[in-house]
There are 4 protein chains.
Amino acid sequence: MPKVGMAPLRRKQLIEATVTTVDQLGLADSTVARIAGEAGLSTGIISHYFGDKEGLIFATMRKMLRDLHDAVASERKAAGTPAQDQLEAIVAGNFDETQINRTSSRAWLVFWAASAHQPKLARLQRVNDRRLYSNLCCQFARVLPLKDARVAARGLAAMIDGLWLRGTLSSDEFDVAGARAIAYQYLHSQLQIAG
Amino acid sequence: MPKVGMAPLRRKQLIEATVTTVDQLGLADSTVARIAGEAGLSTGIISHYFGDKEGLIFATMRKMLRDLHDAVASERKAAGTPAQDQLEAIVAGNFDETQINRTSSRAWLVFWAASAHQPKLARLQRVNDRRLYSNLCCQFARVLPLKDARVAARGLAAMIDGLWLRGTLSSDEFDVAGARAIAYQYLHSQLQIAG
Amino acid sequence: MPKVGMAPLRRKQLIEATVTTVDQLGLADSTVARIAGEAGLSTGIISHYFGDKEGLIFATMRKMLRDLHDAVASERKAAGTPAQDQLEAIVAGNFDETQINRTSSRAWLVFWAASAHQPKLARLQRVNDRRLYSNLCCQFARVLPLKDARVAARGLAAMIDGLWLRGTLSSDEFDVAGARAIAYQYLHSQLQIAG
Amino acid sequence: MPKVGMAPLRRKQLIEATVTTVDQLGLADSTVARIAGEAGLSTGIISHYFGDKEGLIFATMRKMLRDLHDAVASERKAAGTPAQDQLEAIVAGNFDETQINRTSSRAWLVFWAASAHQPKLARLQRVNDRRLYSNLCCQFARVLPLKDARVAARGLAAMIDGLWLRGTLSSDEFDVAGARAIAYQYLHSQLQIAG
DNA sequence: TATGAATGAGTGTTCATTCAT
DNA sequence: TATGAATGAACACTCATTCAT
C-alpha cells in the first residue's frame with residue numbers, strides 16, 4: 001500500500017538537497033542524479049514531484065525567498081514601530097544567520113546569476129528586489145520627503161546587497177557585525193538629513 | 001609561410017564573441033559551437049588559441065578585469081590629486097559606460113557566480129575585489145584615521161557593487177547618474193567625518 | 001520498480017558486441033556507437049555498465065582470458081594425470097575451437113597490441129603469459145630437471161603463441177590439426193630428453 | 001631558392017619519428033602533429049611527402065621489413081653454405097639487435113595488429129611471413145623430405161615469432177641468448193630427423 | 001509512491017587534412 | 001620546399017527525461 005502524505009516531506013528533502021548541491025557544485029554541475037543522491041532518493045522522483053529540473057530549481061529559489069521574507073518579517077515584528085526601528089529590523093533580517101551562512105548565500109548568488117537568463121527565476125528575483133526597495137522606501141517616507149526617501153531606499157538596498165555580495169565572494173568568513181554596522185551607519189546618515 | 005600575426009586578432013574576436021554569447025544565453029548555454037559561430041569561426045579554433053573552453057572563459061574574464069582597471073586608471077589620471085577627487089574618479093571608473101552597458105554587466109554577473117565554483121575564476125575575482133578595496137582604503141587613509149578609512153572603504157566598495165548589481169538585475173535601464181549620485185553622497189558623508 | 005536483473009545480460013551483450021566489432025573493424029574504429037549498435041543498445045548504456053569505453057575494453061579482455069582459462073582447465077580435467085597428458089591438455093586447450101576461431105583470435109591480437117600501451121591491459125596480459133609458462137613449467141618439472149623444465153616451458157609457450165599468431169595473421173584457414181601436431185612433436189622431443 | 005634533394009632526408013626523418021612515436025604512444029595516440037613534432041617538422045610536411053597519414057604508416061612498415069630483410073641477408077652472407085648454417089643465420093637475423101630492441105619490437109607488434117584491419121599493411125606483413133617460411137622451407141628441403149621440411153619450417157617460423165612475441169610483451173629485458181638457444185635446439189632436433 | 005534501467009540529443013575536444021603564404 | 005592557421009567531421013561522454021515495473 002502506498003504511503004500517503006509523503007509529498008510535503010519529499011518536496012522539502014529535494015529542495016534542501018538542491019540548495020546543498022548548488023552550494024557545493026554550482027548550478028552547472030548540479031545534475032538531477034546528484035541532487036537526488038544527496039536527498040537519498042532516485043532520479044525519477046524529481047519529475048514526479050516537480051515535473052522537471054527547472055521546476056525543482058524554481059521551487060528552490062521560491063523557498064529561499066520565502067525564508068528571507070520570514071526572517072525580515074520576524075525582525076520587524078520584534079522591533080518598535082518608529083521608522084528607524086523598522087529600517088534597522090529590515091537590515092537585520094537581511095543579515096540574519098539563515099541568510100548569510102555559506103550554503104545559502106552561495107546558492108543565492110547562483111540563482112541571481114541564473115535569473116539573468118531564465119524568465120521564471122527573473123520574475124521571482126524581481127519581486128524580491130522590489131519588495132526590499134518598497135519596504136525601505138515606505139519607512140523612509142515616514143520621516144523624509146518622498147524624493148529623499150526614494151534615494152535613501154535605493155542607497156540602502158544597494159548597500160545591503162553590496163555588503164552581502166562582497167561577503168559571499170570573499171574568501172574570509174562573513175563579518176556580519178561589521179556589515180550591519182556599516183549599513184546602520186548609512187541608514188542613520190540618511191535619517192539625519194531629515195533632522 | 002602561413003598567415004602570420006593572426007593570433008591577437010583571433011583572440012580578440014573570440015573573447016568578444018564570448019562576452020556577447022554569455023550575455024545573451026548565459027554561461028550554461030554558451031557552447032563552444034555558438035561562441036565560435038558568433039565569431040564567424042570554427043569550433044576547433046578555440047582549442048587552438050585557448051586550449052579548451054575553460055581557457056577561453058578565463059581569458060575573457062581577465063580581459064574584462066583589465067578593461068575595468070583601464071577605465072578606473074583613466075579616470076584617476078584625469079582627476080586631481082586630492083583624496084576626494086581620486087575617490088570620485090574610482091567611483092566614476094566603476095560606472096563607466098564600458099562597464100555598465102547591458103552586455104558587459106550581465107557577463108560580469110555570470111562570471112561572478114561562476115567564480116564561486118571555479119578556483120581560477122575565483123582568483124581573478126578576488127584580485128579585483130581586493131584592488132577596489134585597497135584603492136579606496138588608500139585614498140580614505142589620506143584624510144581619515146586608518147580605522148575609519150577601512151570602514152569607509154568597505155562601505156563604498158559595497159555601495160558600488162550593490163548599485164551595480166541592482167542596476168544589472170533590474171528590468172529598467174541602468175540609471176547611471178542616480179547611482180553615481182548615491183555613491184558620491186556616501187563618499188562625501190564619509191569624508192565629512194574627518195572635518 | 002524497474003526491470004531488475006538485467007545487468008548480467010547487458011554486460012554479456014556488450015562484451016560480445018565488443019569482440020565482434022573489434023574483430024571486424026579493429027580497436028581504432030570500434031567506436032562506442034558502433035559497439036552499442038552491434039548490441040542493439042544505445043550509447044549511454046556503456047557508461048552505465050562499464051563507466052567508460054576503457055572499462056568495456058578491459059572487461060572484454062578479462063572475459064576472453066577467463067574463457068581461455070576455462071578451455072584449458074576443461075581439457076586438463078578430462079586428461080590423465082601423467083605430465084605428458086597434462087601438457088598435451090594445455091596445448092589442446094590453447095588450440096580449442098573457442099580460442100582459434102577468427103573472431104576471437106583477431107580480437108586477441110588487437111588486445112595484445114593494445115596492452116603494449118595500456119597498463120591495465122598489460123597487467124591482464126602478463127598474468128596470462130605467466131600462467132601459461134608456470135603451468136607448463138610445473139608439469140615439465142615433474143619429469144625434467146628444473147633447468148631443463150624452464151627451457152622446455154619457455155619453448156613450448158613460444159611455440160603455442162607463435163603457431164597461434166601465424167595462424168591468425170595468415171590469410172588461409174587456421175590449420176589447427178597441423179599446429180597441434182607441431183606443438184605435440186616439440187613437447188615430446190622435450191620429454192625425451194628425460195628418457 | 002628551394003633546397004633540393006631534401007626528399008630522402010625528410011622521408012627518413014619522418015619514418016624514424018613514426019617508429020619512435022608509435023613505440024612510445026601506440027598507433028592510436030600517434031597523431032600527425034606528434035610525429036611531425038618528434039621529427040622537428042610541421043604537420044603539413046607529411047602530406048607533402050607521404051600523401052596522408054596512411055601513406056606514412058605504410059612507408060614506415062615497409063622500411064622496417066626492409067631492415068629485417070637486410071639483417072637476415074647479412075647473416076646469411078656471413079654464414080657457411082650448409083643448410084644448418086643458413087638456417088642458423090636466418091634465426092640469428094631475426095634476433096638481431098636491430099630487430100629486438102624495445103622501440104622496434106613494440107612498433108612491430110603494433111603494425112602486426114594494425115595489419116589485421118588494413119589491407120595494405122596486411123599485404124606487407126604477409127609477404128614477410130611467406131618469405132620467412134619459404135626461406136626456412138628451402139633450406140630444410142635440402143636435407144629433409146619435402147613433407148618434413150614443410151613441418152619443420154612452419155614450426156621454426158612459429159618458434160621464432162613466438163619467442164619474439166613473448167619477449168616483446170614481457171616486462172623483463174628480452175633474453176636474446178636464451179631465445180636463440182631454444183630456437184637452435186628446435187632447429188637441430190628437426191635436422192636430426194634426417195640423420 | 002518510487003525505482004533505476006535505458007535512451008539519445010547535445011557537449012567539449014581531438015585530429016587528419018587543406019591551403020594561403 | 002615548408003609552414004601552421006583553420007576547418008569540420010568524428011569521437012567519448014554526460015545527463016534530463018521516460019517508463020515498465
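Within every chain, numbering begins at 1; the chains are lettered A, B, ... in the order of the sequence lines, protein sequences first and strands thereafter.
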**Item:** Contacts of type side chain to side chain donor-acceptor pair (under 3.5 Å), residue C:Asp52, not counting sequence neighbours
**Value:** none

**Request:** Provide, to the nearest angstrom, the distance between the CG atom belonging to A:Leu25 and the C1' atom belonging to F:dC15.
**Result:** 14 Å

**Asked** With C:Glu38, which residues qualify under side chain to side chain donor-acceptor pair (under 3.5 Å), at least two apart?
**Response** none

**Message:** Output the rounded distance in Å from CG (B:Leu27) to C1' (E:dG12).
**Reply:** 13 Å

**Item:** Between P of E:dT1 and CD of A:Gln13, the distance in whole Å
**Value:** 14 Å

**Request:** Could you tell me which non-hydrogen atom of B:Phe50 sits nearest to which non-hydrogen atom of B:Ala59, and how far apart they are?
**Result:** CE2-CB, 3.5 Å

**Request:** Give the rounded distance in Å between these two atoms: CZ of C:Phe50 and P of E:dA5.
**Result:** 14 Å

**Message:** Within this structure, what is the CG-NZ distance for the pair B:Leu124 and B:Lys63, rounded to the nearest 0.5 Å?
**Reply:** 14.0 Å

**Asked** For the pair made of CG in A:Leu56 and P in F:dT17, what is the distance, rounded to whole Å?
**Response** 10 Å

**Request:** Classify every nucleotide of nucleotides 7-13 of chain F by which part a protein heavy atom approaches to under 4.0 Å, writing B for the base, S for the sugar-phosphate alone and - for neither, in 5'-to-3' order.
**Result:** BBB-SSB

**Prompt:** If a stem is a run of at least 3 consecutive Watson-Crick or G-U pairs, both distances under 3.5 Å, which stems include DNA chain F?
**Reply:** E:2-21 with F:2-21

**Message:** Give me each pair satisfying side chain to side chain donor-acceptor pair (under 3.5 Å) with a member in residues 11-22 of chain A, each pair once, sequence neighbours excluded.
**Reply:** A:Arg10-A:Gln13, A:Lys12-A:Glu16

**Message:** So, using salt bridge (charged side-chain N to carboxylate O under 4.0 Å, His left out) as the criterion, who are the partners of D:Asp70 when residues are at least two apart?
**Reply:** none

**Asked** Does C:Tyr49 put a side-chain nitrogen or oxygen below 4.0 Å from OP1 or OP2 of E:dA6?
**Response** yes

**Message:** Expressed as a whole number of angstroms, how long is the span from B:Leu14:CG to F:dA6:P?
**Reply:** 9 Å

**Message:** For E:dA6 and C:Arg10 - does any side-chain N or O of the residue sit under 4.0 Å from the phosphate oxygens OP1/OP2?
**Reply:** yes

**Prompt:** Got a sec, which pairs hit side chain to side chain donor-acceptor pair (under 3.5 Å) with one end in residues 112-124 of chain D, sequence neighbours left out?
**Reply:** C:Arg106-D:His117

**Request:** Report the residues that fulfil side chain to side chain donor-acceptor pair (under 3.5 Å) with A:Gln24, sequence neighbours left out, ordered by chain and then residue number.
**Result:** none

**Listed partners of B:Asp29 passing side chain to side chain donor-acceptor pair (under 3.5 Å), at least two apart** = none

